[in-house]
Amino acid sequence: MTLQAVRGFKDWLPEDCARYHFLIELARNYLERANFKEIKIPILEKTELFLRSIGEVTDIVQKETYTFQDRSQEFLTLRPEATAGICRMIIEQGLYVRPKPLRFFFIGPMFRHERPQRGRLREFYQIDVELLGQLTPYYEVELLDLALKILRAPDPEKNSFTLEINSLGCRECRPEFREYLLSALQDKREWLCETCRERLNRNPLRILDCKQEGCRRIVRELKPLSEFWCVLCREHFTELTELLSFVGITFVVNPYLVRGLDYYVRTIFEIKGKGLGAQDAVCAGGRYDYLLKELGGPDLPATGFAIGLERWALTLWGEKPPQALMEKLKPEVLFIPLGREAKREGLKLVPRLREENFKVEAFFEDRSLKAMLREADKLGVKKVLILGEDELKEGVIILKDMEKGVQERIKREGLIQRLKEELRK
RNA sequence: GAGGCCGUAGCUCAAUGGUAGAGCACCGGGCUGUGGCCCCGGGUGUUGCGGGUUCGAGCCCCGUCGGCCUCCCCA
């Protein structure tokens, strides 16, 4: 192979467009009914935006993003996520003065320079949903319900998604837990795995969801994060879980669910899909009450989630899209002209049929009727129109039903009416 | 970024270090105004790429690119 796509970047074949567009349209439909407004943000942002939003753990930006300098030596980054860009937009465009809550959603590709594996590409699509305002737990439940409804909508019978939630506490109480973590783990340092020893310095919360059995044993001995919640955080979480039960949402409280970044507070969640291997979070989200202010905007609490489009499709259908979706790719009508005059006629007839909203393929090649009918068969087309010299003379056209295998010579004037009757039942 | 497995035709996969194959797909014909079924014919290939070992490499070694799996990271 002399030339190939960049690693981790995937082509979308017609079949891929069919299934991804189906999911995107479905999500868009749900979001718009919940009064979320679609927005678009640029694919490139100044690197500084991500440095400031991701904060302390700056090596994430350096190691995991596509960052480069443009011709004027400015550092730019292909967006690795949507939240930072949307916050920048809200501040820059003054959207925060609009009636609260603000409800926005964005659909587009994100870029992360990570090692590709199943369900993890370097270019991948997210459906990103953000809700900003004075956020009571009611809003959070509304949002969780919406996320689950969207994910389950393509196949409501099948329960392929499970919701996990946790609370990280707030600025008042989380530092206390962090202190406790550091001191409690200090004397157990040597039993932690190598990466967790590194995490002690860089990102201690992450030790909670380490996958090594040794670390997990140690973590289970610790006092849980929930013991450190302040009164407000405790009340918030209690009300949240009570409301989730009230509306009948099944969930698992995972006390070891954490986020790597500092701006997350209180409620965080993940929705995991079945059959995805190690990368099984189809949807992840949480509150980021401090982010807008940290980026120089107003003090506006916020929460949101992002659905990974490719993972969503993988959970629903695996590698192969369902047959019903593929049917939409097939044309309804195929025009086969025999001879020069018939081709000329076709140039008028075919667009006319398309104006009537039929999906029409047309062959303008010099091939045998047999060969073209063979193609028609492969296309899966329902009706074939054959126009030859005899038909031209008589002002008729052959309408062939490919499923029944029967054909009929009908008057040209009656063609559209006839197709409507047969295809628009 | 670390480790492991893998890479042969469009696809799925065979081939002790000794002449690269099968099924499906595809192309041509039987059949220049009638599809599917059938029959006949065609292998369509830089064995990912580059080097090395060997009389001889798809197979062994090194490098590289890509895929998958686990870790890292996961905004």
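Within every chain, numbering begins at 1; the chains are lettered A, B, ... in the order of the sequence lines, protein sequences first and strands thereafter.
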Strand RNA chain B in bracket notation, Watson-Crick/G-U under 3.5 Å with | for pairs to another chain: (((((((..((((....[..))))((((((.......))))).)...(((((..]....))))))))))))....
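- When the C1' atom is used for both B:C27 and B:G43, the distance is 11 Å, rounded to whole Å.
- When the P atom is used for both B:U34 and B:A14, the distance is 44 Å, rounded to whole Å.
- A:D280 pairs by the side-chain hydrogen bond (donor to acceptor under 3.5 Å, both in side chains) definition with nothing, not counting sequence neighbours.
- Aromatic ring pairs are classed by plane angle as parallel below 30°, tilted from 30° to 60° and perpendicular above 60°; the pair A:Y66 and A:F9 is perpendicular.
- Using P as the reference atom, B:G52 and B:C59 are 14 Å apart when rounded to the nearest Å.
- Residues from residues 205-217 of chain A with heavy atoms under 4.0 angstrom of RNA chain B, sorted by number: A:R206, A:K211.
- A gap of 28 Å separates the P atoms of B:U19 and B:C5, to the nearest Å.
- Taking the salt bridge (charged side-chain N to carboxylate O under 4.0 Å, His left out) definition, one finds that A:E421 meets it with nothing, sequence neighbours left out.
- Using atom C1' as the reference point in both B:G17 and B:C74, the two lie 46 Å apart (nearest Å).
- B:G1 atom P lies 10 Å from atom CD of A:E64, rounded to whole Å.
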Table of protein N/O atoms under 3.5 Å from nucleotides 65-67 of chain B N/O atoms:
| unit_1 | atom_1 | unit_2 | atom_2 | d |
| --- | --- | --- | --- | --- |
| B:C65 | O2' | A:Q4 | NE2 | 3.3 |
| B:G67 | OP1 | A:G8 | N | 3.3 |
| B:G67 | OP2 | A:R7 | NE | 2.6 |

Please produce a list of atom pairs where a protein N or O lies less than 3.5 Å from an N or O of nucleotides 33-37 of chain B.
| unit_1 | atom_1 | unit_2 | atom_2 | d |
| --- | --- | --- | --- | --- |
| B:G33 | O6 | A:E389 | N | 3.3 |
| B:G33 | O6 | A:D390 | N | 3.3 |
| B:G33 | O6 | A:D390 | OD2 | 3.4 |
| B:G33 | N1 | A:E391 | OE1 | 2.9 |
| B:G33 | N1 | A:E391 | OE2 | 3.1 |
| B:G33 | N2 | A:E391 | OE2 | 2.5 |
| B:U34 | O2 | A:K400 | NZ | 3.0 |
| B:U34 | O2 | A:Q407 | OE1 | 2.9 |
| B:U34 | N3 | A:Q407 | OE1 | 2.7 |
| B:U34 | N3 | A:Q407 | NE2 | 3.0 |
| B:U34 | O4 | A:Q407 | NE2 | 2.9 |
| B:G35 | OP1 | A:K370 | NZ | 2.0 |
| B:G35 | O6 | A:G405 | N | 3.4 |
| B:G35 | N1 | A:M402 | O | 2.3 |
| B:G35 | N2 | A:D377 | OD1 | 2.8 |
| B:G35 | N2 | A:M402 | O | 2.8 |
| B:G35 | N3 | A:D377 | OD1 | 3.1 |
| B:G36 | O4' | A:D377 | OD2 | 3.0 |

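- Nucleic acid contact for A:T195: sugar-phosphate only, since backbone atoms but no base atoms lie under 4.0 Å from a heavy atom of the residue.
- For A:Y20, the ring pair (Phe, Tyr, Trp, His ring centres under 6.0 Å) partners at least two apart in sequence or on another chain are A:W12.
- Side chains of A:E45 and A:T77: a donor-acceptor N/O pair is absent below 3.5 angstrom, by distance only.
- Remark: A:R174 engages no residue in a side-chain hydrogen bond (donor to acceptor under 3.5 Å, both in side chains) (not counting sequence neighbours).
- Computed from coordinates, the A:I268 CD1 to B:C74 C1' distance equals 12 Å when rounded to whole Å.
- Inspection of the A:S53 and A:E294 side chains reveals no N or O donor paired with an N or O acceptor under 3.5 Å.
- Not one N or O on the side chain of A:R19 forms a donor-acceptor pair closer than 3.5 Å with the backbone of A:M326.
- Rounded to whole angstrom, the span from the CD atom of A:E194 across to the C1' atom of B:G1 amounts to 13 Å.
- Under a 3.5 Å cut-off, the side chain of A:T47 and the backbone N or O of A:L76 do form a donor-acceptor pair.
- Separating the CD1 atom of A:I307 from the C1' atom of B:A75 is a distance of 17 Å, rounded to the nearest angstrom.
- Remark: side-chain polar atoms of A:R122 are not paired, donor with acceptor, to backbone N or O of A:V6 under 3.5 angstrom.
- The list of ring-ring contact (aromatic ring centres under 6.0 Å, His included) pairs with a residue in residues 268-308 of chain A, not counting sequence neighbours, is empty.
- B:A2 and B:U8: their C1' atoms are spaced 30 Å apart (whole Å).
- Distance A:L276 CG to B:C69 P: 10 Å, rounded to the nearest Å.
- Annotation: B:G63 and B:G1 have their P atoms spaced 16 Å apart (nearest Å).
- When the side-chain hydrogen bond (donor to acceptor under 3.5 Å, both in side chains) test is applied to A:R424, the partners found at least two apart in sequence or on another chain are A:E332.
- Put simply, CZ on A:R202 is 13 Å from P on B:A75, counting in whole angstrom units.
- Remark: A:R259 is in phosphate contact with B:A75, judged by side-chain N or O atoms under 4.0 Å from OP1 or OP2.
- With sequence neighbours left out, the side-chain hydrogen bond (donor to acceptor under 3.5 Å, both in side chains) criterion links A:E179 to no other residue.
- When the P atom of B:C72 is taken as reference, atom CG of A:L200 falls 15 Å away, rounded to whole Å.
- A:E45 places its CD atom 14 Å from the C1' atom of B:A75, with the value rounded to the nearest Å.
- With distances taken from any side-chain atom of A:R118 to the nucleotides B:C68, B:A75, B:C74, the minimum falls on B:C68.
- Between the C1' atoms of B:C62 and B:A75, the separation comes to 39 Å (whole Å).
- Side-chain N or O atoms of A:S167 include one that pairs as donor or acceptor with a backbone N or O of A:G169 at under 3.5 Å.
- A ring-ring contact (aromatic ring centres under 6.0 Å, His included) check over residues 179-218 of chain A, counting only residues at least two apart or in different chains, returns the pairs A:Y180-A:F228.
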